[in-house]
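Read the numbers this way: they start at 1 and go in the same order the structure lists the ligands and their atoms. Just so you know, these numbers come straight off a predicted model, no measurement behind them.
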Amino acid sequence: MRVLIVGSGGREHAIASSVAKSPKVDKIYCAPGNAGIGQLAECVPIGAMEFDKLTAFAKEQAIDLVIVGMDDPLVGGLVDEMEKENIRCFGPRKNAAILEGSKAFSKDLMKKYHIPSAAYETFDDAQAALEYLKTTKYPTVLKADGLALGKGVLICQNYEEAVAGVKEIMQDKKFGSAGNRMVIEEFMTGREVSVLSYVDGKTIKTMTSAQDHKRAEDGDKGLNTGGMGTFSPSPFYTDEVDAFCQKHIYQPTVDAMRAEGREFKGIIFFGLMLTPDGPKVLEYNARFGDPEAQVVLPRMKTDIIDVMEACVDGTLHQVDVEFEDNAAVCVVLASKGYPVSYEKGYEITGLEQFEGKDGYYCFHAGTLLSEDGRIVTNGGRVLGVTAKGADLQEARRNAYEATKWVSFENKYMRNDIGHAIDEV
Ligand code: AMP
Ligand code: GLY
């Protein structure tokens with residue numbers, strides 16, 4: 001089989017590693033990819049939003065399966081474009097990717113189908129939002145409707161902060177057209193858990209749970225980032241929580257999308273909050289999480305191609321999706337200054353230390369192969385260092401040990417990824 005992966009981050013590197021393990025796969029391309037993905041796949045310089053070029057490439061190269069890793073092309077309709085050319089593509093169509101693409105849509109869906117989530121109101125008009133904010137309880141949560149790189153959520157402690165938030169989202173358009181509409185949501189408390197799942201339109205098979213650390217600094221302080229590290233499984237995701245979510249959240253979401261004529265095929269990422277009133281949905285994503293994929297996929301036993309093809313064909317009920325009975329931790333090595341401003345172009349050394357070491361992975365996020373053949377930093381999040389272990393404690397020790405193997409100027413990481421493990 002010939003596979004094309006669309007994307008260029010640590011998530012796509014993790015996907016490529018799983019795809020490379022499948023005996024069915026002869027050749028992997030990645031558009032645009034990065035230096036690490038380039039060791040497993042042939043990287044082609046086509047951007048993820050260049051739909052015409054991507055479909056032309058897939059046709060020319062007789063690609064058997066396209067895997068779209070990123071949210072922007074999914075929400076923009078890349079799968080629909082591929083299907084028009086009869087190219088098999090793993091991921092939701094545009095009318096289903098809206099589950100991630102519009103918070104107002106997802107909130108309305110949950111309300112209509114009684115899927116537990118925070119109470120909310122939607123606003124198209126800043127003035128009406130400001131009036132509402134005079135009467136609401138604090139803290140309160142403002143969310144830009146559209147895609148905003150995971151940064152369009154503001155938690156406001158009081159009316160003054162909320163006024164500043166409305167200005168940022170709806171008037172100054174800090175997140176562009178994503179802020180034409182806004183959701184104002186009740187503030188929830190509890191532990192957060194990410195549960196990713198494979199969906200074929202009807203059947204849903206959840207993967208092992210994970211937890212992300214979104215803040216830049218130790219102690220979960222500092223600015224929100226794309227994710228500074230993850231661990232899997234979450235010790236807080238008990239069998240009881242799973243049983244509740246299977247019954248009230250997972251299958252109901254898939255059924256709701258089908259009932260709306262928006263059959264969902266691909267990955268649904270459930271961002272959950274385990275509140276004192278039970279699990280509730282914080283958000284949906286229509287793709288693997290990054291860096292969640294970097295701890296979940298290395299633990300998956302089932303051939304990823306079998307699972308993805310079953311999703312495309314609507315035969316997922318015939319496949320058992322199995323995970324190893326162990327744990328994994330991923331520590332993101334970032335460039336100092338991320339997520340605000342940082343320098344790029346520094347040489348990365350020590351990557352060869354991961355070669356041949358079972359259970360250790362160095363997923364590339366922002367890296368580039370320079371013209372003189374060196375691997376250099378090329379982004380805020382540079383590498384995701386993942387290690388497995390018999391349990392979470394061992395996985396964490398192994399991951400932090402492996403972070404010492406690689407060096408680059410301005411290397412920055414959190415030192416407390418997985419701190420919640422100690423609170424169990
Ligand atoms: P989202 O992009 O919707 O997942 O939001 C990003 C982060 O904001 C989440 O991971 C939570 O930490 C926080 N958040 C979002 N919605 C709420 C809420 N209703 N109550 C409390 N925290 C929230
Ligand atoms: N790590 C969170 C996300 O991928 O959205």
J.: Under a 4.0 angstrom heavy-atom cut-off, which atoms of ligand 2 come close to Asp212?
T.: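 What qualifies from ligand 2 is 1 (N), 2 (C).
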J.: Using a 4.0 Å cutoff against the non-hydrogen atoms of Met273, which atoms of ligand 1 qualify?
T.: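 By the 4.0 Å cutoff, the relevant atoms are 21 (C), 22 (N).
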J.: Considering the heavy atoms of Gly289, write down every atom of ligand 2 situated less than 4.0 Å from one of them.
T.: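 Every atom of ligand 2 under 4.0 Å from some heavy atom of Gly289: 4 (O).
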J.: So that I can tick it off, tell me whether Arg93 and Asp80 are bridged by a salt bridge, with the cut-off set at under 4.0 angstrom between side-chain N and carboxylate O.
T.: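 Between Arg93 and Asp80 there is no salt bridge, as every charged N stays at least 4.0 Å from the carboxylate O atoms.
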J.: Report yes or no: does Ser194 have a heavy atom closer than 4.0 Å to ligand 2?
T.: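 Outside the 4.0 Å threshold, so no.
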J.: Going by the atom numbers of ligand 1, which of them fall below 4.0 Å from some non-hydrogen atom of Lys143?
T.: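 Near Lys143, the atoms of ligand 1 are 3 (O), 15 (C), 16 (N).
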J.: Any side-chain heavy atom of Ile268 sitting closer than 4.5 Å to one from Met257?
T.: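 No, their side chains stay 4.5 Å or more apart.
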J.: I'd like to know if the side chain of Glu161 pairs up with that of Tyr138 as donor and acceptor (distance under 3.5 Å, no hydrogens or angles considered).
T.: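 Looking only at side-chain atoms, Tyr138 and Glu161 do not form any donor-acceptor pair under 3.5 Å.
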J.: I want to confirm something. Looking only at heavy atoms, which of Glu185, Met188, Glu192 is nearest to atom 20 (N) of ligand 1?
T.: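 Of the listed residues, Met188 has the closest heavy atom.
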J.: Report yes or no: do Glu292 and Ser194 form a side-chain donor-acceptor pair below 3.5 Å?
T.: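 Ser194 and Glu292 do have a side-chain donor-acceptor pair below 3.5 Å.
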J.: Quick test of your reading of the model: are Arg88 and Asp313 salt-bridged, counting only N-O distances below 4.0 Å?
T.: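 Answer for the salt bridge query: yes.
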J.: Could you identify the single nearest non-hydrogen protein atom to atom 2 (O) of ligand 1 and state the distance to 0.1 Å?
T.: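 Heavy-atom neighbour on the protein nearest atom 2 (O) of ligand 1: Glu283 OE1, 3.3 Å.
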J.: Any luck finding a side-chain donor-acceptor pair between Ser117 and Lys107 under 3.5 Å?
T.: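 Note: Ser117 and Lys107 side chains meet the donor-acceptor criterion.
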J.: Is the distance between the ring centroids of Tyr342 and Tyr412 less than 6.0 Å?
T.: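 No, the ring of Tyr342 stays outside the 6.0 Å limit from the ring of Tyr412, centre to centre.
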J.: Need the ligand 1 atom indices (1-based, order shown) with element for anything under 4.0 Å from a heavy-atom of Lys103.
T.: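 The list of qualifying atoms is 1 (P), 2 (O), 3 (O).
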J.: I need the atoms of ligand 2 closer than 4.0 Å to a non-hydrogen atom of Asn285, numbered in the order shown.
T.: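 Ligand 2 atoms under the 4.0 Å threshold to Asn285: 5 (O).
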J.: Which ligand 1 atoms does Phe187 reach within 4.0 Å, using its non-hydrogen atoms?
T.: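 Going through ligand 1 atom by atom, the ones under 4.0 Å from Phe187 are 20 (N), 21 (C).
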J.: With no hydrogens and no angle check, do the side chains of Thr206 and Tyr250 hold a donor and an acceptor under 3.5 Å apart?
T.: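 There is no such pair between these side chains.
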J.: Of Gln211, Arg287, Lys214, Glu283, which has the heavy atom at the shortest distance from atom 3 (C) of ligand 2?
T.: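 The nearest heavy atom belongs to Arg287.
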J.: Just which atoms of ligand 1 are under 4.0 Å from any heavy atom in Leu282?
T.: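 Taking each heavy atom of Leu282 in turn, ligand 1 has 3 (O), 14 (N), 15 (C), 16 (N), 17 (C), 18 (C), 23 (C) under 4.0 Å.
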J.: When you look at Asp220 and Arg215, which way does the salt bridge (Lys or Arg N to Asp or Glu O under 4.0 Å) test go after all the steps?
T.: CA-CA 5 Å; Asp220 294 318; Arg215 303 294 199 95; over 6 Å; no
J.: Can any side-chain N or O of Arg181 pair as donor or acceptor with the backbone N or O of Thr122 at less than 3.5 Å?
T.: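 No: the side chain of Arg181 does not pair with the backbone of Thr122.
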J.: Can you report which non-hydrogen protein atom sits closest to atom 13 (C) of ligand 1, along with the distance?
T.: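 Nearest protein contact, heavy atoms only, for atom 13 (C) of ligand 1 is Ile155 CD1, 4.0 Å.
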J.: Is there a polar contact, in the sense of an N or O pair closer than 3.5 Å, between Glu292 and ligand 2?
T.: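 Yes.
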J.: Nearest to atom 8 (O) of ligand 1 by heavy atom, Leu154, Val153, Asp220, Ile184: which?
T.: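 Among Leu154, Val153, Asp220, Ile184, the closest heavy atom to atom 8 (O) of ligand 1 comes from Val153.
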J.: Using a heavy-atom cut-off of under 4.0 Å, does the side chain or the backbone of Lys214 touch ligand 1, or both, or neither?
T.: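 Under 4.0 Å from ligand 1, Lys214 contributes side-chain atoms alone.
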